[in-house]
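Both backbone and side-chain heavy atoms feed into the values below; hydrogens, waters and symmetry mates do not. None of the values given here were measured: they were computed from a predicted structure.
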Amino acid sequence: MLREIIKKSFIILYFSILLVFIPKQAFAMHIMEGFLPIEWAIFWWGVTLPSLIIGLRSIRKKVTEHPELKMMLGLSGAFAFVLSALKIPSVTGSCSHPTGVGLGTVLFGPTAMSVIGFIVLLFQSLLLAHGGLTTLGANAFSMAVVGPLIAYFVYKGAKKVGFSFAISVFLAAALADLGTYVVTSFQLALAFPSEAGGIAGSFAKFSSIFALTQIPLAISEGILTVIIMNVLTKY
Amino acid sequence: MESVLFSIDQLSHRYADDTIALKSLSLTIKQGKKIALLGNNGAGKSTLFLHLNGILQPTSGKIYFKGKEVAYNRKALLSLRRQVGIVFQDPDSQLFSASVIQDISFGPKNLGLSNEKVLERVEWAMEQTETAVLKDKPTHFLSLGQKKRVAIAGVLAMDPEVIILDEPTAGLDAYYSKQIMNVLNIIQKQQKTIILSTHDVNLAYEWADEVVVMHDGEVLCHSDPVTVFQQEEIIKKAHLDTPWVMEMFQALVEGKVISSDEAIAQNKEELFQKIRFNNMKILQ
Amino acid sequence: MESVLFSIDQLSHRYADDTIALKSLSLTIKQGKKIALLGNNGAGKSTLFLHLNGILQPTSGKIYFKGKEVAYNRKALLSLRRQVGIVFQDPDSQLFSASVIQDISFGPKNLGLSNEKVLERVEWAMEQTETAVLKDKPTHFLSLGQKKRVAIAGVLAMDPEVIILDEPTAGLDAYYSKQIMNVLNIIQKQQKTIILSTHDVNLAYEWADEVVVMHDGEVLCHSDPVTVFQQEEIIKKAHLDTPWVMEMFQALVEGKVISSDEAIAQNKEELFQKIRFNNMKILQ
Amino acid sequence: MLLIDKYAYFNRLKHVHPVEKVIFSLCLLLFVIIAKDSFLSLIIFIVMSAFTVLAAGIPFKYYIKLLLLPIFFLLSGVVTILLSFADGQVIVSNCIWSAHIGSWQVYISEKSVEQVGNLVAVVLSSISCLYFLTLTTPLTAILHVLQKVKLPLLFIELVALTYRFIFVFLDEAANIYQSQSSRLGYVTVRQGIKSLGLLVTVLFLKVFQRTTQLTIAMNSRGYEEQMLFFEQSYRYSLINWLIIGGVFTGMAVVYIQFGGSL
């Protein structure tokens, strides 16, 4: 019992030290260029590509029926990028950036969102220097594949269980955001297993570090998405 | 008594991408005046406006509002923005609420007023701008002219002392432009200062107490309309036209229709009167 | 020889949300003319334009292009759009490519021309609109005036016979407006028909061969500028102003400066000449 | 507003064939990651930075700023890898620093220091390759390369549309933000979140509005099913290929001669 408490207080100390290093704008979740060893970079590219191809196929099918959908998706990509360049006034006082994954998925469905998400990530690495090209596969997997899927199923599930619209949207957006960060921590843990605890130990370290920025962010993103969806449904 | 409202001293602004928008610009703006800012696209008018509201901070130079240097902490900005309102050019980026009444109440609500106070302010602003009938309409169903008036109402509802308008009549037909200018005249009677930017030299000439000509981040000239538009060099440099009332007056003086001793006509009516007067002289 | 280009017969249009934009409108447009469409916001000008390009289909009534009724199958539309180009008001909604040359080549590419042919057309269009220097610039670095010219170039490159422009000078300062009007004059010399909508009655009065006044989905009047603007009732109903050249002319006739037998001045220069002429008469 | 994009259009290497720049930077990037050699990485970092700052003329100050941009990610990643936790009773070998807290101990092992040193070198070197590409190659030129490698046209079309409208929406977002701030929309966090929600909503509605307008405008110019891209002509240059070949050979020699020496 005592051990547990000490462990916790130690982790808090560890994080407070880290906080000092957090610059004003934290783009914490993009794995940076060169960070992943080549075998893992290739692996995640390999995992992501099939879902991209599926996404493109489904878009192509829809576009032949509704040609304007292509313009709509392109513009949505631009919208999502701009959203990610905005700063959310966060509860912690620092600024964070909404990913817009939840919002996009609720509106377009997860397959189209994976393509749009990939394109947005590509632009983030090229125009904002967030993330990288070799790590694009890994980043796309966590943010453009897993995130949308979580958002989609949580939203559908919550609706089925009978939660209100607002709560379903909040859960979808917040959990998609959290899921994304769990996956990223997992990807890093796989690539850098710790000596003592192996992959599990390393996952514990990475995920608790990112929890610091991501939990407040997930909450503000959830609230923001609810506000937006509320106003949108009124229009 | 003419008290000084804004005093701008050597203001320069350089954007993050290194474009220089303002080059050590100095300008004094007095209370209760109608001021027109002229200059071509890209002269720096909008950048100057954003400085007057504390949205941009000077790269160098100082801005004094009512004698005090403008500070950029939360409290100082709150007080500045309460007193200085901006109506932006594109009403689509200014109207962001679902309904007209919600949009107009955005500002007063942020001032932390009680619900009754907010409603009072909003109703007063709607009355001034003749937007009361639009009250419950969604903003995206409004016509451009209506949107512009709602945008003005949203700023008026904060009851600022200075109202800045970026191209208030751009894109409007003659009828709606006149409506907007009427609203401004009503506002100005309440001792408020009005600063507007426009491409319409005729409007500036007839409406303004003072005209400021900007070009390439600098003030080329700041004086009463007649003096400003008589300086051909400056007008040419700033890519402006001469107001037709003035041009016509000069042509009529040259054509000996109007005597060269006469004071220059300041608006259409004066010009027509001078022509009628000339006619009477001939008849005598 | 004046051949009829468009003949519109009892055209009505009702949008999906039941707003009626056009009410059995009839209009004939002749080849090689400069036509100005006037009317307040919401008069139905843009809806009419979309019909001329086959983007909207009439709810009732018919449109004939060169004597043939407009059909809405793919082949017929392609041929219509090859001959009728539209430049929309907001260039940001028209320019979809990141680079100028890509955007201008979009239309000719769609015509199925070879790469060399496309390049030829693009270069010609850039020359006409003075956009060749912008060739390699990305669209997002252009100013509003430059974007408008690139949008015109994109339509010109398809080499249509008719060019329709929705408010080509809106939001531009005097300098850029003149630049756009120069481009239109160059185009018109090649026997192309130009139809533009505008709020600027002075521009319409001086530039157009024919003026069409629209109000509430109907054509109130269609004639030469002088005839149109002399009909005070119509001008008032459509919320328009009288062009100042005309107003001035009338004031000078009333003031006996110009004799009432004289033909009405069509532009500023004519007006000034008449004044000088009057002066000479007096001196004699 | 996006400075990287601006420099991509106004640098001294903007006329160089994009295929040359893409091959140059991406091949070196892959080489760095595959070789995972600290010395080689440092050499490539210096060479690429020199190309970016000296040859392309990107301001040194800005380049440094860009290098510092992902510092949070790098630091948190590095600290996480560096520190290990273990039960206090366990004896850790090859430990260069350790501390006991209660019944726990935290330590830094020799191996993790080595791993971190190598990682920092590889990461720095890789981002210098990426930055060389993004700072010298406009996106319009990258689109040209994507066409050359025959990616699906639909994908290229979506990338092109996204790119164009990023700037349209950035402008609009900035305008809305300014008008909200001028009406005190961001004074408190509560108001801030509410205002931002409104901003995003308006922006989102603009997506629909612009989609309609854009579709109409494209149809009026004879658009059918696919956007056809105009083949732009860039010129290959023998000298550039020689330089690229020279750098590759040089790096290969460095790797073979000094590989693993750090």
Please rank A/S194, A/G201, A/G74, A/S202 by heavy-atom pairs under 4.5 Å with chain D and give me the top one.
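Heavy-atom pairs under 4.5 Å are most numerous for A/G74.
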Contact origin within [X] toward chain A - heavy atom pairs under 4.5 Å:
X	value
D/Y163	both
D/S125	neither
D/I127	both
D/L158	both
D/Q115	side chain
D/L135	neither
D/L26	side chain

Heavy atoms, side chains only, cut-off 4.5 Å: are [X] and [Y] in contact?
X	Y	answer
A/L128	D/L2	yes
A/E33	D/V123	no
D/L74	A/F35	yes
D/F208	A/M72	yes
D/F169	A/L83	no
A/T134	D/I33	yes
A/L133	D/L130	yes

Is there a donor-acceptor pair closer than 3.5 Å between any side-chain N or O of A/K205 and the backbone N or O of D/L83?
yes
Counting the benzene-type ring for Trp, do D/F165 and A/F81 have ring centres under 6.0 Å apart?
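Not under 6.0 Å, so no.
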For a quick test of reading the model, state the closest non-hydrogen atom pair linking D/I4 to A/L126 and the distance between them.
CG2-O, 3.5 Å
Tell me which of these, D/V159, D/V122, D/D5, D/V120, has more heavy-atom pairs under 4.5 Å with chain A than the rest.
D/V159
Around atom OH of D/Y9, are there more than 12 heavy atoms from other residues, nucleotides or ligands closer than 6.0 Å?
yes
